[in-house]
Amino acid sequence: MRRKTKLIHGGISGDMHTGAVSVPIYQVSTYKQEAVGVHKGYEYSRTGNPTRHALEELIKDVEEGYAGFAFSSGMAAITAVMMLFNSGDHVILTDDVYGGTYRVMTKVLNRLGIASTFVDTSDLANIEAHIQPNTKAIYIETPTNPLLKITDLQGASAIAKRHGLLMIVDNTFSTPYWQTPIAFGADIVIHSATKYLGGHSDVVAGLVVVNSEQLAADLHFIQNSTGGILGPQDSWLLMRGIKTLGIRMEEHEQNTCKIIEFLTNHPAVTRVYYPGLPSHPNYDVAKKQMRGFGGMVSFDVGSAEKAEQVLTRVRYFTLAESLGAVESLISLPAKMTHASIPKERRDELGITDGLIRISVGLEDADDLIEDLAQALA
Ligand SMILES: *Cc1c(COP(=O)(O)O)cnc(C)c1O
């Protein structure tokens, strides 16, 4: 099955009892047993629910893994994966991971004895240099936010295999339509499905795909024990979103290419960050592991004043956090998502006061360009 077909026909499509072409919303908590312990595969909806199961089968197929799991948010998914580790274990993470990932590692899981080190994984030598005797996993986000840094998945997985570590990839920015990390050696793939997979700014959800029977058993045990599951209604909404992921990602890409061309030629823009630009430092790696480069772009307009001027003048770009929806979004990382990082550290990382991040939506590209042009004027 090719990619777009799999998004529609992967997993369990429709309802075999009625012929309904959409999986029903099984709004139910418990299931009748014919005799004690004799049931049709479902006992209680925390453990398993048919609508959630259909979504879990779909994401498993789309990410080319062994089993899928649906959680109530991306953070619930990330936390459940971290529960695979024990007190005393250590994880190496990409230094500019999603802020919530940084927070849960350094303010919650650290209290339970799970230690973490954050390194620039776009340089593989940094990973190798920070492996300790108690290191259990490498956790990678690629591309990152807001600088769109790229980590070589195959290279990182070779290091993980050599040292007996799990390789975990947050694939939220790329989506499985453009990047399938398990094919490059990842053991676990995580999504904030709130973003591109849902795609319509109407559901908060997290997904995990694992590549082995053992990890599937371990993660199912954790999901059932800790209970951060996705409800049937949201599972259905997510399946509805995933059906159009292919055409949406193609359109995001086309719009983004036109906007990139506009931004790179604009005199007020000092720098554009996008993994699909040949000038990107990891363009070759990006080309090797991504089929498309996505709809996330950052660009520098030189100063906080200019950036705020752009943000207040745009009409079609909504000033908001989050990304990956049909609506174009705009944000100022230094004042919003990355405000908690000290200014010196932000400048070191390249997250300057004039850096604007956009999530290119599915409006007409000409409207979006005209909008940016008047805001930058
Ligand atoms: C949003 C996001 C998360 C967290 O997901 P929620 O659904 O908001 O809990 C994790 N990783 C990345 C890359 C994200 O963008």
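Owing to the predicted nature of the structure, the values given are computational and were not obtained by experimental measurement. When reading the values below, keep in mind they use all heavy atoms of this one structure, side chains included, and skip hydrogens, waters and symmetry mates. For ligands, and for the atoms within them, numbers begin at 1 and follow the listed sequence.
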Numbered atoms of ligand 1 (with element) below 4.0 Å of S73, judged on heavy atoms: 7 (O), 9 (O)
Protein contact to atom 5 (O) of ligand 1 [nearest heavy atom, distance to 0.1 Å]: S192 OG, 2.9 Å
Aromatic centroids of Y196 and H252 separated by under 6.0 Å: yes
Any side-chain donor near an acceptor of the partner, Y42 and T47, under 3.5 Å: no
Where ligand 1 meets K195 - atom numbers and elements under 4.0 angstrom, heavy-atom basis: 1 (C), 2 (C), 3 (C), 14 (C), 15 (O)
Protein contact to atom 4 (C) of ligand 1 [nearest heavy atom, distance to 0.1 Å]: Y98 CE2, 3.4 Å
Test side chain to side chain donor-acceptor pair (under 3.5 Å) applied to T121 and T94, T144, T142, the passing residue: T94
Ligand 1 contact by A205, heavy-atom criterion under 4.0 angstrom: yes
Proximal atoms of ligand 1 relative to G74 (non-hydrogen, under 4.0 Å): 5 (O), 6 (P), 7 (O), 9 (O)
D170 neighbourhood, listing ligand 1 atoms whose heavy-atom distance to it stays under 4.0 Å: 10 (C), 11 (N), 12 (C), 13 (C)
Verdict with reasoning, E34 to K40, per salt bridge (charged side-chain N to carboxylate O under 4.0 Å, His left out): CA-CA 9 Å; E34 298 306 325; K40 297 186 165 70; 3.6 Å; yes
Contacts of S22 that satisfy side-chain contact (heavy atoms from CB on, under 4.5 Å) - sequence neighbours left out: W236
Point-to-point distance, once rounded to the nearest 0.5 Å, from OG1 of T117 to CE of M105: 9.5 Å
Per atom 7 (O) of ligand 1, closest listed option by heavy atom (L207, T194, T101): T194
